[in-house]
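First comes the structure, then the notes that go with it.
Every value quoted in this text rests on a predicted model; they were computed, and no experiment measured them.
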Amino acid sequence: MTLDRSAGLAESARALAAGEVTARALVEAALARIEASQSSLNAFRIVRTKAALAEAEAADQELAAGIRKPLLGVPVAVKDDMDVAGEPTAFGCQGEFPPVAEDGEAVRRLRAAGAVIVGKTNTCEFGQWPFTEGPAFGATRNPWSPEHTPGGSSGGSAAAVAAGLVPAALGSDGAGSVRIPASWTHLIGIKPQRGRISTWPRGESFQGITVNGTLARTVADAALLLDAASGNHPQDPHRPPAVRAAEAAGRDPGRLRIALSLRPPFTAVPARLRPEVRAQVVQLAELLADLGHHVEEADPPYGQIGLTFVPRATAGIAERVREAPFPALLDRRTRGAARLGGLLGGAPLRVARRAEAVLHRRIGRFFTSYDVVLAPTTAAPPPRIGALLDLNGLATDRAMIAACPYAWPWNVLGWPGINVPAGFVMGGLPVGAQLLGPANSEPLLISLAAQLEARARWHEAWPPPVTATDSPVV
């Protein structure tokens, strides 16, 4: 028996445990799909062909011996900002990077669960932008429309899962970088509570705004991967209480009070929700009401939350640039952001970090009236490949804010959020909506997302199969 690209994470794990398929067969099939798609989608920076096949054979030996682990023998991918022993971690940058000696904590936990890491997926330089392009690797394309970006910065992971190259993947989210590409590729994207999935060997990534998260086609698969990757290194500064995400995917959420928030949070430049995206999000709100939830329009009291985001984001970029082995090869926008981060890395950064507790109290009070916020994930559908690539720093920032003004406040707060598919616009481009909650609310959000999925059946829609092409990926 073989499994096709539609087999998800849970189904693959079940078939392996039942002896219906071998890990080697699953990994070989995933590697063949990746190879066939690289010239067109370009989802992967590194494909671990030899290592992955060896790991699959080891998994088959364990399965034959009666050993059972949650993901034993299942192929998955991780974003190229995560350390995989024996592989370089370029994080979207140009240059030849040395292999790292040890797995990062999230990868270590995936391996402990039995997963086979088939490769590392493309991301833009230091994960700064909502597109996945650059001179280091070319352009990663959207399986639903190859002329468009899958988003970013976890665009490679999103493209790989949306196309069925792998059943699930890890990404990271510092301003929506899991939720935005999930929105634009019709996926579930979970941004968990800060610290839920370790970012070690960095205790905090980008001054605490960046967390690791999961991408999958179904809520159950995204939750299963979240459980497998969750946990902490002994030196992690953020250690939230454990949750059982996969169990939550099978629970009824109860009748909830849901705030439909359509107004963009505070931004320094104008941002407008496109009518066609608004219509899809409102339709999702109507479905929630039909499921018995109380839904009304209300916006969290964000205030000038953006003033706390910029120092943390730019100081984080400055840290990465100081460590970069090839600074001359970095994008001019990266160097500009690092200069700003150098200016904001003292007192402004300390003020921004202290403001988080104030924001927790103020926005936390909103959740005494509501259980969940429903908001657009993006204000617009995915832009075309190249639309933002050659802009200067200010023009890039303006374009990013115009397209993606909704996701980043939850990175400042460090609280969970989930992208769910909201439908298609403009002849087939996916868009999404966020379910946002207070601290440690992943189980509630997951159970609500699963309830929506059972009614909407969004996971039954697939992009056309990817075929190899001789055209260069640019």
Side-chain angles (χ1 to χ4, degrees), residues 38 42-48 51 77-104 106-107 117 119-141 149 152-157 159 170-175 177 199-207 209-210 212 312-345 385-386 388-397 400 472-474:
Q38 269 300 97
N42 188 31
F44 283 80
R45 181 78 182 258
I46 294 167
V47 182
R48 304 180 68 244
V78 301
K79 183 177 178 178
D80 192 27
D81 61 344
M82 302 179 193
D83 287 349
V84 175
E87 308 293 350
T89 302
F91 202 173
C93 297
Q94 294 188 79
E96 295 295 323
F97 290 77
V100 301
E102 297 181 351
D103 290 333
V107 171
I117 313 298
K120 303 185 73 180
T121 57
N122 277 325
T123 174
C124 58
E125 193 168 285
F126 294 141
Q128 298 170 82
W129 305 303
F131 57 86
T132 302
E133 302 171 53
F137 58 87
T140 297
R141 296 176 180 271
T149 181
S153 63
S154 305
S157 287
L170 286 185
S172 59
D173 190 313
S177 286
T199 54
W200 194 264
R202 295 178 183 272
E204 286 195 323
S205 184
F206 291 90
Q207 292 293 320
I209 61 174
T210 295
N212 291 331
R312 296 173 73 166
T314 57
I317 293 169
E319 292 169 359
R320 299 282 182 153
V321 168
R322 285 194 293 270
E323 300 169 4
F326 308 102
L329 298 180
L330 294 174
D331 191 291
R332 66 195 185 283
R333 293 168 291 186
T334 302
R335 297 194 296 269
R339 286 192 294 271
L340 179 59
L343 295 173
L344 299 179
I385 293 288
L388 284 73
L389 183 62
D390 295 322
L391 301 179
N392 63 30
L394 178 59
T396 301
D397 290 343
M400 283 198 303
V473 177
V474 296

Is any side-chain heavy atom of [X] less than 4.5 Å from a side-chain heavy atom of [Y]?
{"X": "Arg48", "Y": "Ile46", "value": "yes"}
{"X": "Thr121", "Y": "Lys79", "value": "yes"}
{"X": "Phe126", "Y": "Val321", "value": "yes"}
{"X": "Leu388", "Y": "Trp129", "value": "no"}
{"X": "Val107", "Y": "Val84", "value": "yes"}
{"X": "Glu125", "Y": "Arg333", "value": "no"}

Knowing that exactly one of Ser172, Ser153, Ser177, Ser154 qualifies, which makes a side-chain hydrogen bond (donor to acceptor under 3.5 Å, both in side chains) with Asp81? Ser172
Going from [atom1] on [X] to [atom2] on [Y], what distance comes out if it is rounded to the nearest 0.5 angstrom?
{"X": "Leu344", "Y": "Arg312", "atom1": "CG", "atom2": "CZ", "result": "13.5 Å"}
{"X": "Gln128", "Y": "Met400", "atom1": "CD", "atom2": "CE", "result": "8.0 Å"}
{"X": "Thr123", "Y": "Arg45", "atom1": "OG1", "atom2": "CZ", "result": "10.0 Å"}
{"X": "Phe44", "Y": "Thr140", "atom1": "CZ", "atom2": "OG1", "result": "10.0 Å"}

Between [X] and [Y], what is the shortest heavy-atom contact and its length?
{"X": "Asp103", "Y": "Ala85", "result": "OD1-N, 2.7 Å"}
{"X": "Gly345", "Y": "Ala315", "result": "CA-CB, 4.4 Å"}
{"X": "Asn42", "Y": "Asn122", "result": "O-ND2, 2.9 Å"}
{"X": "Ala139", "Y": "Glu133", "result": "CB-CG, 3.8 Å"}
{"X": "Ile317", "Y": "Ala337", "result": "CD1-CB, 3.9 Å"}
{"X": "Thr132", "Y": "Cys124", "result": "CG2-N, 4.2 Å"}

Determine, stepwise, if the pair Phe326 / Phe97 fulfils ring pair (Phe, Tyr, Trp, His ring centres under 6.0 Å). CA-CA 9 Å; Phe326 308 102; Phe97 290 77; 5.7 Å; yes
Donor-acceptor pairs under 3.5 angstrom involving side-chain atoms of residues 88-96: please list them, not counting sequence neighbours.
unit_1, atom_1, unit_2, atom_2, d
Thr89, OG1, Asp83, OD1, 2.7
Thr89, OG1, Lys120, NZ, 3.1
Gln94, NE2, Leu329, O, 3.3

Going through the distances and angles, do Ser205 and Arg320 end up as a side chain to side chain donor-acceptor pair (under 3.5 Å)? CA-CA 10 Å; Ser205 184; Arg320 299 282 182 153; 3.1 Å; yes
